[in-house]
Amino acid sequence: MATTETQFMLSVGLIEKDVNGDTLWVWCYPSVGSELRQVLLSKCCLTQDGRNFHTFVFGQFCRTWYYITTAEVQEPTALNKVTHFSIVVTAKDFNPEKYAALSRILCRMYIKHGSPVKMMEAYIAVLTKGICQSDENGSFLIKDHDVRKAYLAGSVKDVVSQFGMETIILYTALMLKKRIVVHHPRIEALLEFTRVLPALTWHRKDWSILHPYVHLTDAELEDLKKCPGYIAGFVDPDVSNRSDLFDVFVNLSDSVITVSQSAKEAMAMGKLHKEIGQLIVQSAEDPERSDSQVIKDISVKTKEILANLVALANECEDSKITLEGLKQRHFPPATENFLFHLAAAEQLLRI
């Protein structure tokens, strides 16, 4: 298991802030491209004029996940000219807890030795053996960090307790592979909320749609626009004016969800949506049910809808659904509309 999982790791880098207040990318192994490096510097809280200190942030750019852990240098150490530093790990997989645990060990090594050499040795040990051990800095095992744990780390129950029946809007947008933009001024709140949403469409187990920390820069928006559907988190309030970026806008601090004009037709709600919405709310509000049980309840309902859709497709030519075929079924208009757009999202539609 370790061999395949270690192949997910791409690089480790180091950003330092010195006593003069300068922030520099000082070291990297093996390498990071210049465009990604610029994005990583912009995500690192050390380059943000000391506004907010974030111990850990993560995100995605050009199909590469990044995990940034930042530490303050306090007690006298070998790092006498450094006030803060960030360890940046890039990888192919989504697993914040795994890379946060690894980065904490690398941070302790750097504070102790003041040189990237020990960090590189630890990184290579994980890369080759799936483990790094040291008595004073703790040990790290890749196999302790199963990806399913990362997928289930957030709380669907928290999302439902905040949005209630409106959670069905998020569910529908995800099912139809729409573009969801979430705004909150605090990055920690964004990371916590956005990472949960892909679990609403558990049958896909697709966290590549998650872009939890995006800035309104050309490079990042170009990258985002390459994705047909996504969940994108922004701390910049100006994103609310960028209707070209979203079908559904979530103002997280005010608990308000807005569907854009262009997506209203595809997102029209009917009896089926109400039924699913009630199921989600009842399951999430049941104190006996855990988050993973709520996800399972939603998933069972989703699979039932998809099985019916596939059955409809199988009765059609080339196993592809047409609008005419749907109309013959005399579904309520909103259900017909949803199934038509869902067939398109699931590639079951004859165009």
Side-chain angles (χ1 to χ4, degrees), residues 6-62 64-93 95-134 136-140 142 145 187 191 213 215 219-220:
T6 55
Q7 287 159 8
F8 290 145
M9 289 166 54
L10 296 172
S11 73
V12 59
L14 180 64
I15 298 167
E16 286 182 349
K17 187 168 197 166
D18 64 22
V19 286
N20 303 319
D22 295 325
T23 303
L24 290 170
W25 182 283
V26 291
W27 174 84
C28 183
Y29 175 83
S31 67
V32 168
S34 59
E35 189 180 39
L36 177 56
R37 187 179 291 199
Q38 282 312 115
V39 169
L40 295 173
L41 277 164
S42 74
K43 302 300 173 193
C44 169
C45 61
L46 302 182
T47 59
Q48 296 169 9
D49 309 324
R51 274 174 291 181
N52 288 315
F53 184 80
H54 309 295
T55 50
F56 182 68
V57 298
F58 60 86
Q60 182 185 187
F61 179 73
C62 286
T64 296
W65 285 98
Y66 59 81
Y67 303 92
I68 305 174
T69 300
T70 302
E72 190 174 358
V73 180
Q74 286 169 322
E75 68 276 10
T77 67
L79 300 170
N80 55 357
K81 292 195 169 62
V82 177
T83 61
H84 302 78
F85 66 90
S86 295
I87 306 269
V88 183
V89 177
T90 66
K92 292 178 196 167
D93 61 326
N95 201 324
E97 287 67 33
K98 172 167 83 173
Y99 294 109
L102 174 60
S103 299
R104 281 194 296 272
I105 290 175
L106 299 181
C107 277
R108 288 198 286 268
M109 286 179 169
Y110 191 53
I111 285 174
K112 183 165 194 270
H113 300 283
S115 141
V117 175
K118 290 285 182 198
M119 281 200 311
M120 186 170 83
E121 286 170 3
Y123 177 84
I124 290 170
V126 174
L127 204 55
T128 52
K129 302 178 192 145
I131 179 170
C132 71
Q133 281 174 305
S134 71
E136 70 276 32
N137 299 312
S139 61
F140 171 84
I142 271 192
H145 299 278
I187 179 61
L191 297 177
Y213 189 18
H215 283 103
E220 289 188 62

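These numbers were taken from a predicted model, which means no experiment stands behind them. Heads up: numbering here begins at 1 and tracks the sequence.
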Ignoring hydrogens, what is the shortest heavy-atom contact between [X] and [Y]? Give both atom names and the distance.
| X | Y | value |
| --- | --- | --- |
| Glu220 | His215 | OE1-N, 3.1 Å |
| Lys92 | Trp65 | O-CD1, 3.6 Å |
| Leu10 | Ala91 | CD1-C, 3.7 Å |
| Leu79 | Ile111 | CD1-CA, 4.1 Å |
| His54 | Cys45 | N-SG, 3.4 Å |

Gap separating the [atom1] atom of [X] from the [atom2] atom of [Y], nearest 0.5 angstrom:
| X | Y | atom1 | atom2 | answer |
| --- | --- | --- | --- | --- |
| Phe53 | Thr70 | CZ | OG1 | 5.5 Å |
| Ser103 | Arg108 | OG | CZ | 11.0 Å |
| Gln74 | His84 | CD | NE2 | 8.0 Å |
| Ile142 | Lys129 | CD1 | NZ | 13.0 Å |
| Ile105 | Ser139 | CD1 | OG | 6.0 Å |
| Phe85 | Thr69 | CZ | OG1 | 9.5 Å |

Spell out, as yes or no, whether a donor-acceptor pair under 3.5 Å connects the side chain of Asp18 to the backbone of Asn20. yes
Checking Tyr67 side chain against Asn95 main chain: does a donor-acceptor pair fall under 3.5 Å? yes
Within 45 degrees of the axis of the six-membered ring of Tyr213 and under 6.0 Å from its centre: does Lys43 put its NZ or CZ there? yes
From CA spacing to verdict: side-chain contact (heavy atoms from CB on, under 4.5 Å), Lys98, Leu102: CA-CA 6 Å; Lys98 172 167 83 173; Leu102 174 60; 5.8 Å; no
So do Leu14 and Ile87 actually touch side chain to side chain, heavy atoms under 4.5 Å? yes
Would you say Met9 and Tyr99 make side-chain contact, with heavy atoms under 4.5 Å? yes
Considering only distance and modelled atom types, tabulate donor-acceptor pairs under 3.5 Å from the side chains of residues 23-42, sequence neighbours left out.
| from | atom 1 | to | atom 2 | distance (Å) |
| --- | --- | --- | --- | --- |
| Thr23 | OG1 | Leu46 | O | 3.1 |
| Ser42 | OG | Val39 | O | 2.6 |

Which pairs would a plain distance check flag for residues 114-123, meaning a side-chain donor or acceptor within less than 3.5 Å of a matching protein atom at least two apart in sequence or in another chain?
| from | atom 1 | to | atom 2 | distance (Å) |
| --- | --- | --- | --- | --- |
| Ser115 | OG | Val117 | N | 3.0 |
| Tyr123 | OH | Ser11 | N | 3.0 |

